[in-house]
Amino acid sequence: MTLLTFRFAPSPNGDLHLGHAYSALLNRQLANDVGARLLLRIEDIDSTRCTPEFEAGIYRDLEWLGVRWEEAVRRQSEHFAEYQVALDRLIAEELVYPAFMSRGDIRAFISERERRGRDWPRDPDGAPLYPAIDKALSRAQRKARIAEGVPFAWRLDSAAALSRLDRDLVWTEFEDTGLSATRHVQARPQDWGDIVLARRDIPTSYHLSVVLDDALQGITHVVRGMDLFHATAVQRLLQQLLGLPQPAYFHHGLILGPDGRKLSKSLKDTGLAALRSAGATPEDIRRMVGL
Ligand code: GLU
């Protein structure tokens, strides 16, 4: 029998807010309901934005909320060597290519196209898809640029990746918090184009480390916000390419701010530490998120 395992995977790049509280409390509650483990993962690959202070804040806030997790905590920044192994495999299989365009280059390229009256395709988050310029470079041209020291990221060759699939890609999504009924969602990774799998400075990216860690930690249930619903398509594709097991997903509704928009880490009045200093109790937080 598989051990059921949930995870809460915050990034220590800001204070936890009500949206995180909802996700953490829901994971804890659902794990309890089905007798599963709950693991905590610190998603800190971005060393420019993640800090030990924010990480300490995560533990403090979760403990205050009464959310318990099973040790040991997995901190992604300690596992770059494991991500590198998977990246090397994708490089060897020619499923990724070096992408040299900087953000500025991409912006300039796209605004030039748009000036000429062509709408540039966007991903489900609204970001422009990566132009197919670098993919067209020959092996020799790539080598020469790398030898010149031009910085590059590794991007997924989505066309090559999709051609590897022999049938439709779907994922299992729970219909509600009862976790009894599921539906199959058709994954459309092509909507994301050639996503970054390893950033310029590190051998990984959000998507690559999430799928590897979910597999390494034996995660069977991914419960996270609806804002990551469409990203699941990319993660399913990577699981398929890397031969990883697939968890089932539940994407919960988002807690919205007073302006009806998604909460952001900069919104002071919904941060858990700020609410606690203003006298809120863990029970108040549960009430505020509807649990
Ligand atoms: N680290 C991500 C975040 O804080 C969540 C990743 C996930 O749950 O897959 O938004």
Side-chain angles (χ1 to χ4, degrees), residues 5-28 30-31 36-51 53-59 61-62 65 67 69 73-79 83 124-125 127 171-174 185 187 189 192 195-197 199 202 204-239 242 244-257 261-267 270-272 289:
T5 308
F6 289 60
R7 52 51 157 201
F8 176 56
S11 297
N13 56 10
D15 291 324
L16 293 192
H17 54 55
L18 284 175
H20 296 104
Y22 178 50
S23 213
L25 287 164
L26 188 60
N27 264 289
R28 183 66 271 174
L30 297 182
R37 311 157 72 205
L38 173 64
L39 303 181
L40 177 62
R41 183 161 80 223
I42 300 294
E43 301 211 324
D44 61 345
I45 59 170
D46 187 343
S47 61
T48 58
R49 295 172 63 219
C50 296
T51 68
E53 292 72 31
F54 285 135
E55 184 179 333
I58 291 174
Y59 303 131
D61 289 346
L62 291 179
L65 280 176
V67 172
W69 61 89
V73 170
R74 185 175 172 91
R75 192 184 285 122
Q76 290 188 324
S77 58
E78 292 169 352
H79 296 277
Y83 307 138
D125 283 347
W171 81 78
T172 303
E173 178 83 21
F174 291 107
V185 181
W192 293 89
I195 53 149
V196 172
L197 287 191
R199 291 152 49 157
I202 49 173
T204 192
S205 63
Y206 160 64
H207 288 298
L208 186 59
S209 26
V210 163
V211 294
L212 290 169
D213 284 353
D214 283 341
L216 280 160
Q217 293 190 290
I219 304 301
T220 55
H221 291 60
V222 172
V223 174
R224 61 184 179 187
M226 201 60 190
D227 49 340
L228 289 169
F229 183 84
H230 292 292
T232 310
V234 169
Q235 296 178 12
R236 270 298 294 126
L237 177 62
L238 291 176
Q239 287 158 358
L242 293 165
L244 304 173
Q246 38 167 322
Y249 294 83
F250 178 61
H251 291 94
H252 58 72
L254 298 178
I255 305 287
L256 300 177
R261 298 175 51 169
K262 195 178 137 182
L263 295 182
S264 85
K265 296 203 175 182
S266 57
L267 262 178
T270 55
L272 296 184
V289 301

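Remember, it's 1-based here, ligands and their atoms both numbered in the order they're listed. Note that the structure is a prediction, hence the values are computed from the model and not measured.
Polar contact with ligand 1: present for A9 (N/O pair, distance under 3.5 Å).
Applying the ring pair (Phe, Tyr, Trp, His ring centres under 6.0 Å) criterion to F8, with sequence neighbours excluded, gives no partner residue. Considering only residues two or more places apart in sequence or on other chains, E53 meets the salt bridge (charged side-chain N to carboxylate O under 4.0 Å, His left out) condition with none of them.
Within the structure, ligand 1 has Y206 among the residues with a heavy atom less than 4.0 angstrom away.
Contact check on D44 versus R49 returns no salt bridge, with no Lys/Arg side-chain nitrogen under 4.0 Å from an Asp/Glu carboxylate oxygen. Ion pair E43/R75 not flagged as a salt bridge, since none of the NZ, NE, NH1 or NH2 atoms sits closer than 4.0 Å to an Asp/Glu carboxylate oxygen.
Few gaps surround NE2 on H207; more than 12 heavy atoms of other groups in view lie less than 6.0 Å from it.
If you look at V222 next to ligand 1, there are no close heavy atoms at all, none under 4.0 Å.
Numbered from 1 in the order shown, with element, the atoms of ligand 1 that lie under 4.0 Å from a heavy atom of R7 read 7 (C), 8 (O), 9 (O). With ligand atoms numbered from 1 in the order given, ligand 1 contributes 7 (C), 8 (O), 9 (O) to contacts under 4.0 Å with heavy atoms of R224. Of all atoms in ligand 1, numbered sequentially from 1 with element shown, those under 4.0 Å from a heavy atom of E43 are 1 (N), 2 (C), 5 (C), 6 (C).
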